[in-house]
Amino acid sequence: MSLPVLALQGVSKRFGPIEVLHSIDLTLRSGEVHALIGENGAGKSTTMKILAGYQPASEGEILLDDKVVSFGSLHDGEEAGIVMIHQEFNLAEQLSVEQNIFLGRELKKGWLLDKSEMRRRTRAYLDRVECTVDPDALVSSLSNSDKQMVEIAKALSRDARVLIMDEPTAVLTNRETGVLFDQVRALRASGTAILFTSHKLDEVAEVSDQVTVMRDGAVVHSGPASQIDEDRMATTMVGRDVSDLYPAKPRVSNDAETVLAVEGLTVPGFAQDLSFELRQGEILGIGGLIGAGRTEAMEGLCGLRTASAASVRLFGEQVQMKTPGDAQRRGLCYLTEDRKLRGLVLDWGMRENLTLQTLFRFGSFLIDGRAEEAALTQAIKEFDIRAGSRAVRVGNLSGGNQQKLLLAKVMLSEPRILIVDEPTRGIDIGTKQQIYVFLRQLAAQGHAIIMITSEMPELIGLADRVMVMRLGQIAGTLDEQAITEDSIVRLSMGLEATSSNTAADSPLAQDRLL
């Protein structure tokens, strides 16, 4: 067995009177990949931050090379060779990629910055992760997946003894994930100790040597990855059976009312001439390759982007929706894929976030605080939002609870049609199951739902129909029994939706769908 490099012994963590970690034992060994998994709010990120020096432990010891240490800051952790890749991007948006890679560690030639050497090394680090972005590009101009690859390249530049990765693949394609895992294997072979979290249990099974499962701030399982399969991982994480992840799909009646009919929707630069219909009680899934334009198309429909259409009929009425307010007033609401930057105000509390979109319902000149509190009480109960305090800053909630709060915020507008964009990105399997049940219940109550997702199982398991986009256009629509992975893949590649090939035979099987 390889030597222990970094360990926690009996570590607890309290925020005020609330204890969020309970006597955690965890050991990271040289040349070993250790997966730390659990539901959102289980304590994974807090554990990682203590290991890396971002937060102090309330009790217990941190051991580096079997010696008790105390990290006063993240700088102390990095000086000891511990580098963390955060779930939320830790990049300076208005600086270039190169400046971010070397921020605080700039290379100098005499009194001047050695820009040519920093550029050369930046290109080399980016090449290691097969990222083609320009070192001079501003980080703010990059896609989320490119930002994540820059974060990974930045971490690789540190030559870490211990690499801690908090949900590194949440916004990556399968190809990018494969590149990352190649680097993980290379680092493991060189003796680096690696700790990572992922809600994608197939990734955990693929790359891990050891697996530790946390639930409610405590370790409930720890052992070799070979001794725990994906089903047991899921059950151990949530403490209940999740084998029936997707609720049953009742057949949508052929004579169900058409609540949305779109003809010729165009979003300049992203989508061209889209025509489709949505029926009452239906979940319409949208899939396609990266860059297919599905998010931009739906943002255009809701007034979030400049768009035009030959016709948009909502509940039988010809409408124009130039702003999100227009759409909301007509019963159409959009749940963004980016809850942290566009969906919630992370420095505010839950109540302020919940009612922000519908403040007109809580007063005109003065806001009725009691009514807001009552709405929050109802949302916490209905959406099972778990927080230590009602006054908690939303940025301190787990990703799953943030997503449930965002869903509650949108539903406060009482939409008849709901567009959900990546509704389960970066959340655990237990919370996913809750959201799936909620969406299916909405459909059963007569709402209509458009679901954009990059998760193939969600398209197959939840959608009544699937509309596949390719290069900004609709490649085809699949009804009921025709919804198969093979058909979705083939349409995404510009082929006919037949069963002659399997998804595994297609080049697309090496990349993730959007």
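Here the structure is a predicted model, which is why all the values come from computation and not from measurement. As a basis for the values below, the full set of heavy atoms in this structure was taken, side chains included, without hydrogen atoms, waters or symmetry mates.
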Would the distance check show the side chain of Asn396 and the main-chain N or O of Val392 forming a donor-acceptor pair, the cut-off being under 3.5 Å?
no
With the threshold set at 4.0 Å, does a side-chain nitrogen-carboxylate oxygen contact exist between Glu337 and Arg425?
yes
Less than 4.0 Å between a side-chain N and a carboxylate O, is that true for Asp421 and Arg294?
yes
Is the backbone of Ile194 close enough, under 3.5 Å, to the side chain of His34 for a donor and an acceptor to pair up by distance?
no
At what distance, to the nearest 0.5 angstrom, does CG of Leu459 lie from OG of Ser454?
8.5 Å
Strictly distance-based, threshold 3.5 Å: is any side-chain N or O of Arg470 a donor or acceptor partner for the main-chain N or O of Ser492?
yes
Does some side-chain heavy atom of Arg393 sit less than 4.5 Å from a side-chain heavy atom of Trp348?
no
Determine whether Asp338 and Lys340 satisfy the following criterion, salt bridge (Lys or Arg N to Asp or Glu O under 4.0 Å), listing intermediate values before the conclusion.
CA-CA 6 Å; Asp338 192 344; Lys340 294 182 182 295; over 6 Å; no
With the threshold set at 4.0 Å, does a side-chain nitrogen-carboxylate oxygen contact exist between Arg121 and Glu117?
yes
Thr192 and Val5: side-chain contact (heavy atoms from CB on, under 4.5 Å), yes or no, with the steps?
CA-CA 9 Å; Thr192 302; Val5 179; over 6 Å; no
So, for Val345 and Val394, which heavy atoms are closest and what is the spacing to 0.1 Å?
O-CB, 4.1 Å
Any donor-acceptor pair under 3.5 Å from Asp65 side chain to Lys67 backbone
no
Phe270 six-ring face occupied by Arg305 cation (under 6.0 Å, within 45°):
yes
Cationic N near anionic O, under 4.0 Å, Asp182 to Arg185:
yes
Verify the distance criterion only: is there a donor paired with an acceptor across the side chains of Thr453 and Glu458 at less than 3.5 Å?
yes
Tell me whether Asn401 contacts the main-chain N or O of Arg386 through its side chain, where contact means a donor paired with an acceptor under 3.5 Å.
yes
Under a 3.5 Å cutoff, is there a donor and acceptor pairing between the side chains of Gln272 and Thr266?
no
Partner of Glu59 under side chain to side chain donor-acceptor pair (under 3.5 Å), chosen from His22, Lys13, Arg14
Arg14
With side-chain hydrogen bond (donor to acceptor under 3.5 Å, both in side chains) as the test, would you mind laying out the steps for Ser222 and Gln210 before giving the verdict?
CA-CA 7 Å; Ser222 190; Gln210 297 284 323; 5.3 Å; no
Run the salt-bridge test on Asp166 and Lys49 with the 4.0 Å N-O cut-off and return the result as yes or no.
no
Give a yes or no on whether the backbone of Gln227 and the side-chain of Arg232 come within a donor-acceptor separation of less than 3.5 Å.
yes
Glu61 side-chain N/O to Val11 backbone N/O, donor-acceptor pair under 3.5 Å
no
How about Ser23 and Asp25: does a side-chain donor come under 3.5 Å of a side-chain acceptor?
no
Between Lys409 and Gly343 (side chain of the first, backbone of the second, donor and acceptor by atom type, cut-off under 3.5 Å), is there such a pair?
yes
Using the rule given for side-chain contact (heavy atoms from CB on, under 4.5 Å), can you reason through Thr431 versus Gln403, listing the C-alpha separation, both sets of side-chain angles and the distance that settles it, and then say yes or no?
CA-CA 9 Å; Thr431 306; Gln403 189 70 357; 5.8 Å; no
If I compare all heavy atoms of Met48 with all of Leu36, which pair ends up nearest, and what's the gap?
CG-CD2, 4.4 Å
Might you work through the side-chain contact (heavy atoms from CB on, under 4.5 Å) test for Val150 and Leu142, ending with a clear yes or no?
CA-CA 10 Å; Val150 170; Leu142 303 181; 3.9 Å; yes
Nearest 0.5 angstrom please: Ser157 OG to Ile152 CD1, how far?
12.5 Å
Closest heavy-atom pair, Gln402 versus Leu346, reported as atoms and distance to 0.1 Å, is NE2-CD2, 4.1 Å
Contact check, side chains of Val184 and Met165, non-hydrogen atoms, under 4.5 Å:
yes
Taken to the nearest 0.5 Å, the spacing of Ile101 CD1 from Leu156 CG works out to 8.5 Å
Given salt bridge (Lys or Arg N to Asp or Glu O under 4.0 Å), test Glu299 with Arg342 step by step and report yes or no.
CA-CA 12 Å; Glu299 288 179 341; Arg342 301 177 61 188; 2.9 Å; yes
Strictly distance-based, threshold 3.5 Å: is any side-chain N or O of Asp127 a donor or acceptor partner for the main-chain N or O of Glu130?
no
Classify the side-chain pair Glu203/Thr169 by whether it contains a donor and acceptor separated by less than 3.5 Å.
yes
CD/Glu455 to OG1/Thr424 distance, rounded to the nearest 0.5 angstrom?
5.5 Å
How about CG on Asp216, more than 12 heavy atoms from neighbouring residues, nucleotides or ligands closer than 6.0 Å, or not?
no
So does Ser96 get a backbone contact from the side chain of Asn100, meaning a donor-acceptor N/O pair under 3.5 Å?
yes
Close side-chain approach of Glu151 to Pro168, heavy-atom, < 4.5 Å:
no
The residue among Met451, Lys432, Arg339 that forms side chain to side chain contact (heavy atoms under 4.5 Å, CB included) with Pro423 is Met451
Find out whether Met469 and Gln473 are in side-chain contact, i.e. whether some heavy atom of one side chain is under 4.5 Å from a heavy atom of the other.
no
Report yes if some heavy atom in the side chain of Leu354 is under 4.5 Å from a heavy atom in the side chain of Leu405; otherwise report no.
yes
Between Leu301 and Val267, does the side-chain contact (heavy atoms from CB on, under 4.5 Å) criterion hold? Intermediate values first, please.
CA-CA 9 Å; Leu301 177 64; Val267 180; over 6 Å; no
Donor + acceptor pair across side chains of Gln55, Thr46 (<3.5 Å)
no
Do His221 and Thr212 have a side chain donor and acceptor closer than 3.5 Å?
no
Using 0.5 Å steps for rounding, measure from the OG atom of Ser208 to the CZ atom of Arg188.
8.5 Å
